[in-house]
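By convention here, the first residue in the shown sequence is residue 1.
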Amino acid sequence: MAEIVLVPGFWLGAWAWEEVTAQLRAAGHAVYPLTLTGLADRAAEATPDVDVSTHIDDIVRVVEDNGLRDVVLVGHSGANLPVTGAADRIPERIARIVYVDAGPLPAGMAVIDFNRPQTQEEWRRQVAEEGDGWLLPVPPFDPAADPYNLAGLTSEHLARIAELATPQPFATATRPLDRPAVPPRTPCSVIATTFTPEQVRTLIESGNPVFKPMAGMDLHHLPTGHWPMFSRPNELASLLDEIAR
């Protein structure tokens with residue numbers, strides 16, 4: 001059985017992985033769901049200095065403090081940079097990275113850069129006007145406004161997210177990852193939920209620089225919205241179990 005570390009995306013904490021964690025543990029895996037600095041039950045630790053490096057430190061600390069080896073490191077969405085950075089720092093302890101509806105960004109690219117210019121502008125406005133200049137507020141999670149990404153979420157899911165999600169330290173979105181000149185060749189998998197493996201392959205073949213780092217990765221498809229730990233936790237856990245084995 002595997003040692004699996006689950007890292008949530010923006011605005012979430014370890015609570016987001018509860019159903020997935022329970023199923024993976026029932027399958028015999030040792031599972032470590034993380035809450036990163038400044039989020040959820042660690043929201044009181046948020047400061048303007050919390051950035052990608054801070055969250056890399058969080059992951060490395062959990063792995064090292066628990067003496068974990070051959071770790072399957074899972075990152076959802078905006079956790080793509082911290083899991084990549086952690087694997088770069090302690091490659092001897094990481095067996096595989098699994099990106100959930102995400103992938104490794106090219107060197108020098110921050111999470112905000114992956115978004116459309118309108119979204120980038122809106123994020124900066126929200127941070128300035130509602131986030132004291134350094135916190136990215138929780139989005140409204142309105143299915144009427146964003147049916148594609150919120151596909152599969154019930155009213156109960158949305159109520160729980162509204163209750164437990166917390167603002168994201170904005171430096172985690174604006175600061176890129178410093179990678180080694182020759183990064184370690186850690187095996188990687190992608191679980192695509194709002195896009196398909198075929199779309200990824202087409203974008204790689206077209207020379208798209210954002211998707212180029214996914215070349216040669218193990219690609220899986222779980223069709224749903226951007227939050228599969230809520231909308232399809234059983235299937236997500238089964239896929240992670242399959243990959244981890």
Side-chain angles (χ1 to χ4, degrees), residues 1-9 12-35 59 62-63 66-88 90-105 148-154 157 183-204 211-245:
M1 296 296 101
E3 295 178 322
I4 304 175
V5 175
L6 301 173
V7 187
L12 307 179
W15 62 269
W17 296 106
E18 283 178 3
E19 290 186 67
V20 173
T21 295
Q23 292 188 57
L24 289 173
R25 285 177 175 162
H29 300 291
V31 188
Y32 301 81
L34 267 63
T35 292
I59 298 168
V62 165
V63 172
N66 288 282
L68 306 185
R69 297 277 178 181
D70 298 322
V71 172
V72 177
L73 182 56
V74 181
H76 168 247
S77 187
N80 64 82
L81 287 188
V83 298
T84 302
D88 284 348
I90 49 171
E92 71 283 358
R93 292 180 179 266
I94 308 300
R96 179 170 294 272
I97 305 171
V98 182
Y99 297 96
V100 179
D101 215 39
L105 294 180
Y148 185 69
N149 283 308
L150 301 180
L153 297 187
T154 66
H157 292 140
R185 302 180 68 176
T186 305
C188 296
S189 299
V190 173
I191 297 177
T193 64
T194 59
F195 53 94
T196 67
E198 291 72 24
Q199 288 172 320
V200 173
R201 294 186 188 101
T202 298
L203 288 163
I204 292 169
F211 285 83
K212 184 178 179 181
M214 290 190 190
M217 289 189 178
D218 174 43
L219 302 176
H220 301 261
H221 192 206
L222 178 60
T224 186
H226 186 58
W227 314 92
M229 65 281 293
F230 304 127
S231 60
R232 298 189 68 181
N234 297 344
E235 295 89 343
L236 178 57
S238 293
L239 261 179
L240 291 172
D241 175 48
E242 175 189 327
I243 292 167
R245 290 174 187 272

Nearest heavy-atom contact between Ala244 and Ile4 is CB-CD1, 4.0 Å
Hey, could you give me the CE/CG distance between Met1 and Asp70, rounded to the nearest 0.5 Å?
13.5 Å
Rounded to the nearest 0.5 Å, what separation is found between the NE2 atom of His220 and the CG atom of Leu239?
6.5 Å
Answer whether the closest heavy-atom distance between the side chains of Glu92 and Ile90 falls below 4.5 Å.
yes
Just so I know, are the side chains of Leu240 and Ile191 near enough to count as touching, which here means a heavy-atom distance under 4.5 Å?
yes
Taking all heavy atoms of Ala102 and all of Ser77, pick out the closest pair and write down the distance.
CB-O, 3.5 Å
Under the 3.5 angstrom rule, does the side chain of His76 hit a backbone N or O of His226 as a donor-acceptor pair?
yes
Any heavy-atom pair between the side chains of Leu12 and Trp227 that's under 4.5 Å?
yes
At what distance, to the nearest 0.5 angstrom, does CZ of Arg69 lie from CD1 of Ile94?
10.0 Å
Of all the heavy-atom pairs spanning Pro228 and Thr224, show the shortest one and how long it is.
CB-CG2, 3.9 Å
For Pro33 and Ala14 the tightest heavy-atom approach is O-CB, 3.7 Å
State, yes or no, whether a side-chain contact exists between Arg201 and Met214 at a heavy-atom distance under 4.5 Å.
no
Got a donor-acceptor contact below 3.5 angstrom from the Asp101 side chain to the Thr194 backbone?
yes
Does Trp17 reach the side chain of Val7, with side-chain heavy atoms less than 4.5 Å apart?
no
Within-4.5 Å side-chain heavy-atom neighbours: Arg185 and Pro91:
no
Between Val83 and Val74, does the side-chain contact (heavy atoms from CB on, under 4.5 Å) criterion hold? Intermediate values first, please.
CA-CA 7 Å; Val83 298; Val74 181; over 6 Å; no
Between atom CD1 of Ile204 and atom CD of Gln199, what is the distance when rounded to the nearest 0.5 Å?
12.0 Å
Measure the shortest side-chain to side-chain distance between Gln23 and Asn234 over non-hydrogen atoms and say whether it is less than 4.5 angstrom.
yes
Aromatic plane relationship, His157 with Phe230 - under 30° parallel, 30 to 60° tilted, over 60° perpendicular
tilted
Measuring from Thr193:OG1 to Glu235:CD, what's the distance to the nearest 0.5 Å?
12.0 Å
Minimal non-hydrogen separation, Ile97 against Thr84, with atom names:
CD1-CA, 4.4 Å
Heavy-atom check, side chain of Met217 versus side chain of Pro104, under 4.5 Å:
yes
If you compare all heavy atoms of Ser189 against all heavy atoms of Asp218, which two are closest, and at what distance to 0.1 Å?
OG-OD2, 2.9 Å
Rounded to the nearest 0.5 Å, how far does CG of Leu222 lie from CG of Leu236?
6.5 Å
Looking at His29 and Ala2, would you say the former's side chain and the latter's main chain have a donor-acceptor pair under 3.5 Å?
yes
